[in-house]
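Working notes for the structure below.
Atoms considered below: every heavy atom in the structure, side chains included; atoms not considered: hydrogens, waters and symmetry mates. Note that ligands are numbered from 1 as they come in the structure, with each ligand's atoms numbered from 1 the same way.
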Amino acid sequence: MSTQTVNGQLLYLSRADVEAAGLGVGAMIALLETAFREKGRGRVEMPPKPGIHPKLDSFLHAMPAYIPAMRAAGIKWVGGYPENQARGLPYITGLLVLNDVDTGLPYAVMDCTWITAYRTAAASALSAKYLARPDSRTVGILACGVQGRTHVEALAGVFPVTRVFAYDIRREVQDRFVADMRARFGFEVVGVDGPKAAVVESDLVVTSGPILKHPMPSIPPGWLRPGAFASAVDFDSYWSPAALAEFDKVTTDDLAQFQYYRTVGYFQQTPEPCADLGEIVAGLKPGREHANERTMAMNLGLALDDMAVAPDVFRLANEKGLGTWLPL
Ligand SMILES: NC(=O)c1ccc[n+]([C@@H]2O[C@H](COP(=O)([O-])OP(=O)(O)OC[C@H]3O[C@@H](n4cnc5c(N)ncnc54)[C@H](O)[C@@H]3O)[C@@H](O)[C@H]2O)c1
């Protein structure tokens, strides 16, 4: 495609259209691997995300990125409101705009809820591919919301998962998660009574509760076993400073954004990340080096993730005749 704009129109994709486009999580992991390799080689443009914060622990973030090798350019405008669950609304909502790299014109606007749900889990799975033991079989999910679900799916695509331990502060959410995951996957899914039981026997641990500016972490040192990998998509909200200090390697997805978050009050007691995912995927820094290392991905969620996958969502949706064309 020489230019991505179609006859002065843009394609609007609702959440249902984005889902129906059918981009699989395995394909997303592969797209992210390309994007992070480009990032590691310094070939993407992605300024730290500016944000506004209408309510405590809420955010509205502007997330632009350009990945030349993927002809991907655009921005996500995404909100995160922890109290939305009580209103029957998703925690994460928003819109994503794709721009033609040659003309700058927008050619697609799409709901970003589904993309955010899956690309975050795909990024964790990509981190785990480089940082976890390949024979990891047990998964601990702490918080069984949208991210808990997509993480099970993404990790099961990369590792020979046999058992999932699930914990949510809300029992009914945990029970529904256990029932749904059992019905969907062939492995054992066990609901547990507290965070400890979801951590101690797990090779892969995902914490996906609310991001708190003033965290009250409940995972102490000594719970995570040697050789395990953890992904904290809720930043440092779940892991105590002493537990974070136990990791042999803490990594992130973007060092500049990690430093930026420090300046606005997050990660005050988190160890300095030893690498970002781009450096690891590009082979500039090592991933896992020993079977007994404890490794962590503290991924912040990048515009790069969204721009790596959204053009393929557009392409698939367009091929299937989904969405609504709108005049510019
Ligand atoms: N880093 C990233 O790239 C990225 C991207 C998207 C979302 N997130 C974050 O992931 C987190 C989860 O998002 P989501 O869309 O799954 O939200 P969600 O509302 O669907 O799920 C959150 C779940 O956490 C549970 N919970 C709350 N406190 C808990 C606790 N102390 N222990 C166990 N469970 C608890 C809630 O009952 C709920 O089921 C949020 O913090 C969100 O900001 C991060």
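Between Ser208 and ligand 1 there is a heavy-atom distance shorter than 4.0 Å.
Set against the non-hydrogen atoms of Tyr167, the atoms of ligand 1 under 4.0 Å away are 32 (N), 33 (C).
The closest heavy-atom contact to atom 17 (O) of ligand 1, among the options Phe177, Phe235, Tyr91, comes from Tyr91. Comparing heavy-atom distances from atom 28 (N) of ligand 1 across Gly148, Pro210, Gly209 singles out Pro210 as nearest. Nearest-heavy-atom check against atom 29 (C) of ligand 1 across Asp306, Ile169, Val78 picks out Ile169.
Contacts of Leu302 with ligand 1, taken as heavy-atom pairs under 4.0 Å, are absent altogether. At a 4.0 Å heavy-atom cut-off, ligand 1 touches Val173 through the side chain alone. At a 4.0 Å heavy-atom cut-off, ligand 1 touches Gln147 through backbone and side chain alike. If you look at Arg119 next to ligand 1, the close heavy atoms, those under 4.0 Å, all belong to the side chain.
Here the heavy atom of the protein found nearest to atom 3 (O) of ligand 1 is Gly301 CA, 2.9 Å. Ranking protein heavy atoms by distance to atom 21 (O) of ligand 1, first place goes to Gly145 CA, 3.3 Å. Given atom 25 (C) of ligand 1, the protein heavy atom at minimum distance is Asp168 OD2, 3.2 Å. Here the heavy atom of the protein found nearest to atom 15 (O) of ligand 1 is Val146 CB, 3.6 Å. For atom 30 (C) of ligand 1, the closest heavy atom belonging to the protein is Tyr238 OH, 3.6 Å. Among all non-hydrogen protein atoms, the one lying nearest atom 5 (C) of ligand 1 is Thr120 OG1, 3.1 Å. Of all protein heavy atoms, the one lying nearest to atom 24 (O) of ligand 1 is Ala143 CB, 3.4 Å. Scanning the protein heavy atoms around atom 8 (N) of ligand 1, the nearest turns out to be Val233 O, 3.8 Å.
Thr252 places no side-chain N or O within donor-acceptor distance of the main-chain N or O of Phe258, the cut-off being under 3.5 Å.
No N or O atom of Asp234 sits closer than 3.5 Å to an N or O atom of ligand 1. For a threshold of 3.5 Å applied to N or O pairs, the pair formed by Arg170 and ligand 1 contains no separation below that value. Residue-to-ligand polar distances place Asn299 within reach of ligand 1: an N/O pair is separated by less than 3.5 Å. Not one N or O of Thr116 is nearer than 3.5 Å to an N or O of ligand 1, by distance alone. Residue contacts with ligand 1: Leu142 is placed with no nitrogen or oxygen under 3.5 Å of a nitrogen or oxygen of the ligand (distance criterion only). Ligand 1 has an N or O atom lying under 3.5 Å from an N or O atom of Ile211, backbone or side chain.
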_Ile92/Val146 under side chain to side chain contact (heavy atoms under 4.5 Å, CB included): CA gap, chis, key distance, verdict_ = CA-CA 9 Å; Ile92 300 288; Val146 171; over 6 Å; no
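Among residue pairs with one or both ends in residues 255-265, those qualifying as side chain to side chain donor-acceptor pair (under 3.5 Å) are Gln259-Glu272, Arg262-Glu272; sequence neighbours excluded.
Lys39 is listed as a side-chain neighbour of Asp254, based on a closest heavy-atom distance under 4.5 Å.
Between the side chains of Asn84 and Arg87, at least one donor-acceptor pair of N or O atoms lies under 3.5 Å. Side-chain N/O atoms of Asp203 and Thr138 include a donor and acceptor closer than 3.5 Å.
Under a 4.0 Å N-O distance rule, the pair Lys320/Asp17 does not qualify as a salt bridge. A salt bridge does not link Asp175 with Arg170: none of the charged nitrogens is closer than 4.0 Å to a carboxylate oxygen. Between Glu19 and Arg15 a salt bridge is recorded (basic side-chain N to carboxylate O distance below 4.0 Å).
For the atom pair CD (Glu293) and CZ (Arg133), the distance works out to 11.5 Å, reported to the nearest 0.5 Å. Distance check: Trp114 CH2 to Leu96 CG gives 12.5 Å after rounding to the nearest 0.5 Å. Rounding to the nearest 0.5 angstrom, the gap separating the CG atom in Leu302 from the CG atom in Leu277 is 8.5 Å. Taken from NZ in Lys49 to CD1 in Ile75, the straight-line distance is 12.0 Å, to the nearest 0.5 Å.
Of the candidates Asn99, Val109, Leu105, Leu10 forms a side-chain contact (heavy atoms from CB on, under 4.5 Å) with just one, namely Val109.
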